[in-house]
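Here's the structure we're looking at; comments come further down.
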Amino acid sequence: MDKVMEMKHITKIFPGTIANDDVTFELLKGETHVLLGENGAGKTTLMNILYGLYQPEKGDIFFNGQVSKINNPNDAIKLGIGMVHQHFMLIDKFTVTENIILGIEPKIGLKIDMKKAINDVKQLAEKYAFNIEPTAKIEDISVGQQQKVEILKALYRGADILILDEPTAVLTPQEIDELGTIIDNLKKEGKSFILITHKLKEVMKMSDRVTIIRRGKVTGTVYTKETSIDELAELMVGRKVNLTVNKSEAKIGKDMLVVENLQVKNHRGILAVKGVNLTVRAGEIVGIAGVDGNGQTELVEALTGLIKPQDGKVMLDGKDIFNKTPREISDSGVGHVPEDRQKRGLILDFSLFENSILGLYHKLPFSKGIIMKYNEIRKHSQRLISEFDVRTPSDEVTAGSLSGGNQQKLIVAREISKNPNILIAAQPTRGLDVGAIEYIHKRIVEERDKGKAVLLVSLELDEILSLSDRIAVMYDGNVVDILERKDADERKLGILMAGGTVKNDKEVRDGE
Ligand SMILES: Nc1ncnc2c1ncn2[C@@H]1O[C@H](COP(=O)(O)OP(=O)(O)O)[C@@H](O)[C@H]1O
Ligand SMILES: [Mg+2]
């Protein structure tokens, strides 16, 4: 196969960070080449350079053997490059067609020829078997469909090389399969793909070759057929990692958290949790699966006192904690690893020792009356740091100076140190590297084995499947089904997450 594009010896420096360090990367015609690396490895930066959004300090980009200067995205588009960013760039109030033609509208005289535009989009969508309505508004279609619009937008501009940045992060397993089919069809036409991801299973399924980046440097380029998940993980992390979670049979105890008919409005005043019933027992991990935005966030925020619920009942070990303050709920025995660790979990300008007693500072042994006992606080923080392997020069540095993985370890350490009856962990490993994920999973399972109840909310199905004893699926503000772990698999969960139902193992789509 021919090389269509080569990036040679690319170095990109941001203040304090070498995001790309002498990176060489080549793309063959008709291949799917995955760019694999942990968070912050430099993947997006490299692709932003290819798309003309950044200029490298060093290095050159070649197209069909010729050096090309890419000063801006327009230059990139002229070279046949299309990029679908991790956060879509569509205009919500515009239609599918208006978004696709934006900036290159077909015209009759001075007026936009909307009839031709709609027809063009329709034909393009049909050609690639995209099920897209050209006149639908972006705000009315699913995230999976919005992604297709982004792809069509790139194709409409004549892209031959498509860069997709973390394209599967927002999709259900079925939508991921669909994306795979779309990519295969486009490859048959000679298009080439660069997929950015940190998910190893998808790499194995979706790619022809993989280039792995660690801390800005390429650690290898391999053929997918000749590699394994374990090898890729090692190239990505720099050491062997244990990707499977070892856990024994759950020893189920009493009902710890009982939620009945809970209703919660979101920040815009719309009912986001529409009557959830859920029980979490001592000694088990209940996972909540769902596509982002189906009420999971509001459920957790209501359970932990961060937003006021409208109606319902929440009991913790027989005690009413409905609509109590975060302090009261925490004191009743709820540990909370929040979804947004930088906003809710830590005070970034405070030292680690101050952060280690957030939610605990009013208690013995850390204070007595209004006197803070700094000796005890420092002992506590240093114990957490060593026990939970928080990598830091001392407990005096600010929380903001730690990496995401170490910030998260500190939060998990603090919440577990409260010895709660239930640990509510929301997206506990989002954005973390594989090493930190491995560690946090181990500690969560340890809590369960100590007889604690654990409620885990995660957008990562792999995480839900490897940790949970039971799995509740949320869709449109409701828990639509609760499965025993042994009865759950990716396919079934995917159907439920998309609003379908599973009866006797057969899929029943909405409205059938
Ligand atoms: N615009 C920017 N300014 C400063 N630093 C940045 C910028 N973009 C990325 N970085 C830093 O460069 C490194 C690589 O980031 P990125 O390319 O986004 O990684 P990835 O996509 O692999 O997660 C990170 O340390 C990140 O903080
Ligand atoms: Mg990125």
Side-chain angles (χ1 to χ4, degrees), residues 7 9-25 27 33-59 61 70-73 76 81-89 143 147 150 162-171 179 193-200 202-203 206-207 209-221 232-238 241 292 340-342 346 348 391-392 397-408 427 429-437 459-460:
M7 300 178 86
H9 305 294
I10 300 286
T11 293
K12 174 73 198 169
I13 299 170
F14 290 117
T17 318
I18 304 182
N20 293 149
D21 187 356
D22 195 27
V23 170
T24 290
F25 175 79
L27 184 69
H33 198 135
V34 160
L35 204 50
L36 176 71
E38 299 195 315
N39 245 279
K43 308 177 296 288
T44 298
T45 301
L46 187 70
M47 289 303 109
N48 281 341
I49 290 171
L50 180 59
Y51 198 57
L53 289 165
Y54 294 145
Q55 295 305 313
E57 267 69 46
K58 276 190 216 147
I61 305 177
I70 307 176
N71 288 312
N72 50 51
I81 303 170
M83 182 159 177
V84 178
H85 296 273
Q86 197 168 359
H87 303 287
F88 302 155
M89 307 276 179
V143 175
Q147 184 177 63
E150 286 276 20
L162 283 124
I163 306 164
L164 309 183
D165 194 349
E166 307 264 3
T168 62
V170 293
L171 304 180
L179 177 66
F193 282 83
I194 303 172
L195 298 189
I196 297 182
T197 184
H198 61 270
K199 295 187 187 174
L200 295 160
E202 281 161 24
V203 178
M206 298 177 86
S207 68
R209 288 198 301 162
V210 192
T211 290
I212 305 97
I213 308 190
R214 181 167 79 241
R215 293 187 191 156
K217 285 199 174 81
V218 170
T219 55
T221 295
L232 290 176
E234 198 174 337
L235 286 167
M236 187 160 93
V237 183
V241 274
D292 201 8
D340 186 342
R341 62 177 160 261
Q342 308 221 327
L346 296 168
L348 295 179
R391 307 277 167 87
T392 175
V397 303
T398 61
S401 71
L402 296 186
S403 73
N406 285 301
Q407 290 178 349
Q408 191 72 342
Q427 321 298 349
T429 61
R430 176 149 73 189
L432 303 193
D433 52 61
V434 180
I437 292 174
L459 300 174
E460 303 282 344

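Numbering of ligands and ligand atoms starts at 1, following listing order.
In this structure, atom 22 (O) of ligand 1 has a protein heavy-atom contact shorter than 4.0 Å. Remark: atom 13 (C) of ligand 1 lies closer than 4.0 Å to at least one protein heavy atom.
Remark: distances from the non-hydrogen atoms of E38 to ligand 1 include one below 4.0 Å. Residue-ligand proximity: G37 is placed with every non-hydrogen atom at 4.0 Å or more from ligand 1.
Given atom 18 (O) of ligand 1, the protein heavy atom at minimum distance is T44 CB, 3.9 Å. Nearest protein heavy-atom neighbour of atom 8 (N) of ligand 1: F14 CE1, 3.4 Å. Closest to atom 1 (N) of ligand 1 among all protein heavy atoms lies Y54 OH, 3.2 Å. Among protein heavy atoms, the minimum distance from atom 19 (O) of ligand 1 is reached at G42 N, 3.2 Å.
For ligand 1 and T45, the ligand atoms under 4.0 Å from any heavy atom of the residue are 9 (C), 14 (C), 15 (O), 16 (P), 17 (O). Atoms of ligand 1 lying under 4.0 Å from any heavy atom of N39, numbered from 1 in the order shown and given with element: 23 (O). Residue A41 approaches ligand 1 through these ligand atoms, each under 4.0 Å from one of its heavy atoms: 19 (O), 20 (P), 22 (O).
Judged by distance alone, with hydrogens and angles left aside, the side-chain atoms of E38 form no donor-acceptor pair with the main-chain N or O of V237 at under 3.5 Å. Looking only at distances, no side-chain donor or acceptor of T17 sits under 3.5 Å from a matching main-chain atom of F14. Between the side chain of K58 and the main chain of D21, no donor-acceptor pair closer than 3.5 Å is present.
Residues P167 and L179 share a closest heavy-atom pair of CB-CD2, 3.9 Å.
Under 4.0 Å from ligand 1, the heavy atoms of T17 that appear belong solely to its side chain.
In this structure the side chain of K12 reaches within 4.5 angstrom of the side chain of E57, judged on heavy atoms.
Distance check: L36 CG to T197 OG1 gives 7.0 Å after rounding to the nearest 0.5 Å.
Between A19 and ligand 1, a contact under 3.5 Å exists for no N or O pair. The shortest N or O to N or O distance between G40 and ligand 1 is below 3.5 Å.
More than 12 heavy atoms of other residues, nucleotides or ligands shown are found within 6.0 angstrom of CZ on R430.
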Carefully, step by step, assess T44 and D165 under the rule side-chain hydrogen bond (donor to acceptor under 3.5 Å, both in side chains).
CA-CA 7 Å; T44 298; D165 194 349; 2.8 Å; yes

CA sep, side-chain torsions, deciding dist, call: H198, E166, side-chain hydrogen bond (donor to acceptor under 3.5 Å, both in side chains)
CA-CA 8 Å; H198 61 270; E166 307 264 3; 3.2 Å; yes

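With L195 as reference, L164 is the one residue of I163, L164, L35, T168 to meet the side chain to side chain contact (heavy atoms under 4.5 Å, CB included) rule.
Checking N39 against the Mg ion (ligand 2), every N/O/S atom stays at or beyond the 2.8 Å cut-off.
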